[in-house]
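Proteins get letters first, then strands, A, B, ... in listed order; numbering begins at 1 in each.
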Amino acid sequence: QKEVEQNSGPLSVPEGAIASLNCTYSDRVSQSFFWYRQYSGKSPELIMSIYSNGDKEDGRFTAQLNKASQYVSLLIRDSQPSDSATYLCAVKHSSGSARQLTFGSGTQLTVLP
Amino acid sequence: DTEVTQTPKHLVMGMTNKKSLKCEQHMGHRAMYWYKQKAKKPPELMFVYSYEKLSINESVPSRFSPECPNSSLLNLHLHALQPEDSALYLCASSQTRTSGSGPEQYFGPGTRLTVT
């Protein structure tokens, strides 16, 4: 059973702080990792993808991948109330259909003004 | 253009009705997906089409019938649904790389389905 685990939260941070969202996965040979943001009542929006060990930065977002530890994280700098949403970690595995993603249960983030 | 569109936005149907959900993308993607999402749960894969052929059916009940008329369109035909089928139905599309990094899946806005 391929698993993706996230802290369900809720995670609350004050405006302007760094929000840190974490995700672990069980399939050691997973290749691709994605972070989706989902506002209440809306569909998931892809905000970051990462494929290699290390950091990948895009604006206020930084994704970090450590394949040895089977760990991927998302940092949101200078958090804004508009960042309040559920963040879904998704992993593409190497076996089975290469187009299948496994989603974590999501972390609910609240940024307090 | 990373847009996937879905119609209708909302749908209320009785258990004896037949209805269809529609999805369209113009990104040149050749893989399209149907997901079901219940409240406070992650999306749950239902079907995958690759090059207009059904490649994955995640043991979905036959009251859900997918169709891919061409590379841009995906339909989900609904018949004799149950109240527990009420959910957000999401369409997504992606490229069809099967090795290496990616592919990224892009979701449409979803159809909120209520079965009465």
Side-chain angles (χ1 to χ4, degrees), chain A residues 1-10 21 23 25 29-54 56 58 63 65 67 72 85-109, chain B residues 2-7 9-10 21 23 25 27 29-51 53-59 87-114:
Chain A
Q1 179 83 8
K2 302 180 182 71
E3 293 184 351
V4 178
E5 303 274 350
Q6 292 182 255
N7 290 332
S8 61
L21 305 164
C23 175
Y25 58 95
V29 294
S30 296
Q31 297 178 324
S32 302
F33 307 86
F34 307 94
W35 283 99
Y36 287 85
R37 177 176 63 197
Q38 187 170 24
Y39 292 113
S40 180
K42 302 295 186 183
S43 65
E45 174 191 7
L46 180 65
I47 55 172
M48 290 288 283
S49 57
I50 187 166
Y51 311 119
S52 304
N53 278 330
K56 179 181 178 183
D58 183 1
L65 176 60
K67 289 187 178 181
V72 58
T86 296
Y87 289 81
L88 295 162
C89 173
V91 176
K92 188 193 94 168
H93 304 285
S94 59
S95 59
S97 167
R99 288 175 290 281
Q100 277 187 278
L101 295 180
T102 299
F103 285 88
S105 57
T107 298
Q108 185 180 342
L109 173 66
Chain B
T2 55
E3 188 176 68
V4 178
T5 59
Q6 290 187 244
T7 56
K9 288 187 171 59
H10 301 276
L21 309 184
C23 174
Q25 58 89 14
M27 294 181 279
H29 291 166
R30 302 303 296 272
M32 296 185 76
Y33 311 76
W34 280 116
Y35 288 87
K36 172 183 177 179
Q37 188 177 28
K38 303 282 271 186
K40 300 193 184 300
K41 297 288 187 182
E44 180 183 330
L45 184 65
M46 300 174 72
F47 302 104
V48 180
Y49 273 83
S50 178
Y51 295 97
K53 293 190 188 314
L54 183 64
S55 62
I56 294 174
N57 176 339
E58 291 286 358
S59 302
L88 181 66
Y89 286 83
L90 296 161
C91 174
S93 72
S94 77
Q95 296 178 352
T96 52
R97 280 198 302 276
T98 56
S99 62
S101 60
E104 292 86 355
Q105 289 188 22
Y106 296 95
F107 285 87
T111 294
R112 177 75 58 187
L113 174 67
T114 303

- Query: Does any pair with a residue in residues 37-49 of chain B pass salt bridge (charged side-chain N to carboxylate O under 4.0 Å, His left out), and if so which ones, sequence neighbours excluded?
  - Reply: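 Listed by first then second residue: nothing to list.
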- Query: Which salt bridge (charged side-chain N to carboxylate O under 4.0 Å, His left out) pairs, counting each pair once, include a residue from residues 87-96 of chain B, with sequence neighbours left out?
  - Reply: none
- Message: I need the minimum non-hydrogen distance between A/F103 and B/P42, along with the two atoms involved.
- Response: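 So the two residues come closest at CB-CB, 3.7 Å.
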- Using a 4.5 Å cut-off on heavy atoms from C-beta on, say whether the side chain of A/E45 contacts that of B/F107.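 SC-SC contact between B/F107 and A/E45 ruled out.
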- Query: With sequence neighbours excluded, what pairs up with A/Y87 under the ring-ring contact (aromatic ring centres under 6.0 Å, His included) test?
  - Reply: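 For A/Y87, no residue satisfies ring-ring contact (aromatic ring centres under 6.0 Å, His included) once neighbours in sequence are set aside.
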- Query: Where does A/T86 contact chain B at under 4.5 Å (heavy atoms): side chain, backbone, both or neither?
  - Reply: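 Neither part; nothing is under 4.5 Å.
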- Any chance the side chains of A/Q100 and B/E58 put a donor and an acceptor closer than 3.5 Å?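 Result is yes, a qualifying pair exists.
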- Can you check side-chain contact (heavy atoms from CB on, under 4.5 Å) on B/Q105 and A/L101, steps first, answer last? CA-CA 9 Å; B/Q105 289 188 22; A/L101 295 180; 3.6 Å; yes
- For chain B, which residues of residues 36-43 of chain A have heavy atoms nearer than 4.5 angstrom: A/Y36, A/Q38, A/G41, A/K42, A/S43
